[in-house]
2 protein chains.
Amino acid sequence: MPAPTPAPGETKARRRAGRPMAAVLGQDGITAAALELVIKKGYDGLTMAALARSLGVAPSALYNHVSSKDDVLKLVEEDLMSKVDFGGFSTLPWEDAVRQWAYSYRGIFARHTPLISVIAVLPVTDAPQTLAMYEAVTEGFLRAGFPEQQIIPCIVALEAYIFGAAFDANAPADIFDSGKLADSTPHFTSAVRSLGPERNNYPSDLAFSMGLDALIAGLGALRD
Amino acid sequence: MPAPTPAPGETKARRRAGRPMAAVLGQDGITAAALELVIKKGYDGLTMAALARSLGVAPSALYNHVSSKDDVLKLVEEDLMSKVDFGGFSTLPWEDAVRQWAYSYRGIFARHTPLISVIAVLPVTDAPQTLAMYEAVTEGFLRAGFPEQQIIPCIVALEAYIFGAAFDANAPADIFDSGKLADSTPHFTSAVRSLGPERNNYPSDLAFSMGLDALIAGLGALRD
DNA sequence: ACCAATAAATGAATGCCGTTCATTTATCCC
DNA sequence: GGGATAAATGAACGGCATTCATTTATTGGT
């Protein structure tokens, strides 16, 4: 990973002389195929072998366009980032723009949680879509009157919440079933039951909305 | 995974007649060895083979005590949960108790992010330590005057934030380096630079503190 | 028209992984 | 001491990401 990745966008370098065999597919094709594969079979089904097969190519051929499987995940991530809706930051009041952005962001990555561990730690350098999103969000915060130094921490806090909530959205409905230990956790068990007549309904969406409102209110107070 | 797991705590069942060979190590020993291995070599080093070797046993022997590697991860998770400090909920004002709990929780799991994808989706049934924590937190919320139905969503929201922040805490200092694309993201780049004279210092701790305060303030307003 | 250079594609091989299974080994009750 | 029980073993399996020497196709320069 600290290896000399050929800087996503080109594979090695273009020198001077003769041209190669026509590439079966470049990084765009690999990205599209990987995404399709993930949608159809999930992240367990995303193997280099399966990816190659869906492109009609031998697995080893992929390594002419991509330096590792992690590279493929980065490509998919960038593609997903371009689908996050941050348009509200140029048209809506700050609160509504944040809400719209956060819902879109969470909605997309809730179905791609295996990418979160990669994203959260991945430098944005040379990730144009991700950078475009950050630029738009930053502009929205500036326009709303946030001091410049507060903006990045605010975005980081919101993103942390969004990523965590994306995991949460995949929890099974019975995640809080205390089972045979219910007797030793009376208050918790009662609180869970109080959520509704149907037991075991997990309040992921309600919780997301509540926490997001709290964050928006709390962070919004930092404006000049 | 939906397989008939022998219900963590016993491996199969105890019948009537003769006793077995003395078990080299039970689940407690496996848990301890796994945790030690993770601390020393990281989660990449936690393989069934390495785990067995550190216990002086053949890999296949582990499967007499544990039904899969995922099972091992669950055991480690429970162990870590028991180390989360929720003591403040019986002694401190609600705000301070939440803060103490959140910092402890994040601090522990920041070094165990590979577990988060497991935890966030894992039923608490038969996870005594986890349940003990939830019970204490719930009691704290009740004592602070929260309506019963709000408590679980509040906890879920806080946990989402904590998990996301745990990922964040592992981000490299240069994660926001916009590199050669800096020109096309002027506001964002400027906001990043405004964080300090030393460029590339990632504000994970500051962001966590800010977001946590916002959440505490916003959720705290839900009390009766 | 050919040749040298270039890169893409191949197929075989590597090493690691989690997991299974028939078998052996040790322990205890009766 | 015999029979039941479960733990431990070692060999095997299939799948995985990745490497590498080799072949194939394409091109620009002469």
Side-chain angles (χ1 to χ4, degrees), chain A residues 1-6 9-30 33-34 37-38 41-76 114 118, chain B residues 1-6 9-30 33-34 37-38 41-76 114 118:
Chain A
M1 267 280 266
T5 302
E10 52 178 340
T11 303
K12 270 189 178 168
R14 20 217 123 98
R15 301 264 183 207
R16 49 198 83 179
R19 289 283 166 73
M21 199 168 130
V24 158
L25 281 175
Q27 291 183 325
D28 288 355
I30 291 179
L37 196 51
V38 162
K41 314 270 187 179
Y43 277 87
D44 286 350
L46 178 58
T47 70
M48 295 302 270
L51 184 54
R53 181 156 20 88
S54 84
L55 289 165
V57 136
S60 53
L62 294 173
Y63 290 85
N64 287 320
H65 306 277
V66 137
S67 69
S68 67
K69 182 178 180 180
D70 250 48
D71 233 55
V72 175
L73 294 180
K74 288 180 203 169
L75 291 172
V76 173
V118 178
Chain B
M1 268 278 268
T5 302
E10 53 179 337
T11 302
K12 271 190 175 167
R14 23 215 120 96
R15 301 266 182 206
R16 47 199 83 179
R19 288 282 166 74
M21 199 168 128
V24 158
L25 281 175
Q27 290 184 323
D28 288 355
I30 291 179
L37 197 50
V38 163
K41 313 271 188 179
Y43 277 88
D44 286 351
L46 178 57
T47 70
M48 296 302 271
L51 184 53
R53 181 157 19 91
S54 84
L55 289 166
V57 138
S60 52
L62 295 173
Y63 289 86
N64 287 320
H65 307 277
V66 135
S67 70
S68 66
K69 182 179 180 180
D70 250 49
D71 234 53
V72 175
L73 294 179
K74 288 181 203 169
L75 291 172
V76 172
V118 178

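These figures come from a predicted structure and were not determined experimentally. Labels below follow one simple rule: chain letters A, B, ... track the order of the sequence lines, proteins then strands, and each chain is numbered from 1.
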Output side-chain donor-acceptor pairs under 3.5 Å for residues 49-62 of chain B, partner residues at least two apart or in another chain, one line each.
{"unit_1": "B:Ser54", "atom_1": "OG", "unit_2": "B:Leu51", "atom_2": "O", "d": "3.0"}

Legend entry - d(CG, A:Leu55; P, C:dA8) in whole Å: 15 Å
Inset, instruction - Could you tell me whether the side chain of B:Gln27 and the main chain of B:Val66 form a donor-acceptor pair under 3.5 Å? - result: no
Inset, instruction - Sugar-phosphate atoms are those with a prime plus P, OP1 and OP2; base atoms are the rest. Using that split, label each nucleotide of nucleotides 14-23 of chain D B, S or - for protein heavy atoms under 4.0 Å, 5' to 3'. - result: --SSBBB---
Legend entry - Whole-Å distance separating the CG atom of B:Leu51 from the P atom of C:dG18: 9 Å
Legend entry - From CG (B:Leu46) to CG (B:Leu73), nearest 0.5 Å: 6.0 Å
Inset, instruction - Determine whether A:Asp71 and A:Tyr63 make a side-chain contact, defined as any pair of heavy atoms from C-beta on separated by less than 4.5 Å. - result: no
Legend entry - From CD1 (B:Ile30) to CG (B:Leu37), nearest 0.5 Å: 12.5 Å
Inset, instruction - To the nearest Å, give me how far apart NE2 (B:His65) and C1' (D:dA7) are. - result: 6 Å
Inset, instruction - Can you tell me the distance, in whole Å, between the CZ atom of B:Arg53 and the P atom of D:dA8? - result: 18 Å
Legend entry - Whole-Å gap separating P (C:dA8) and CD (A:Gln27): 11 Å
Inset, instruction - Write down the distance between CG (A:Asn64) and P (D:dT26), rounded to a whole number of angstrom. - result: 16 Å
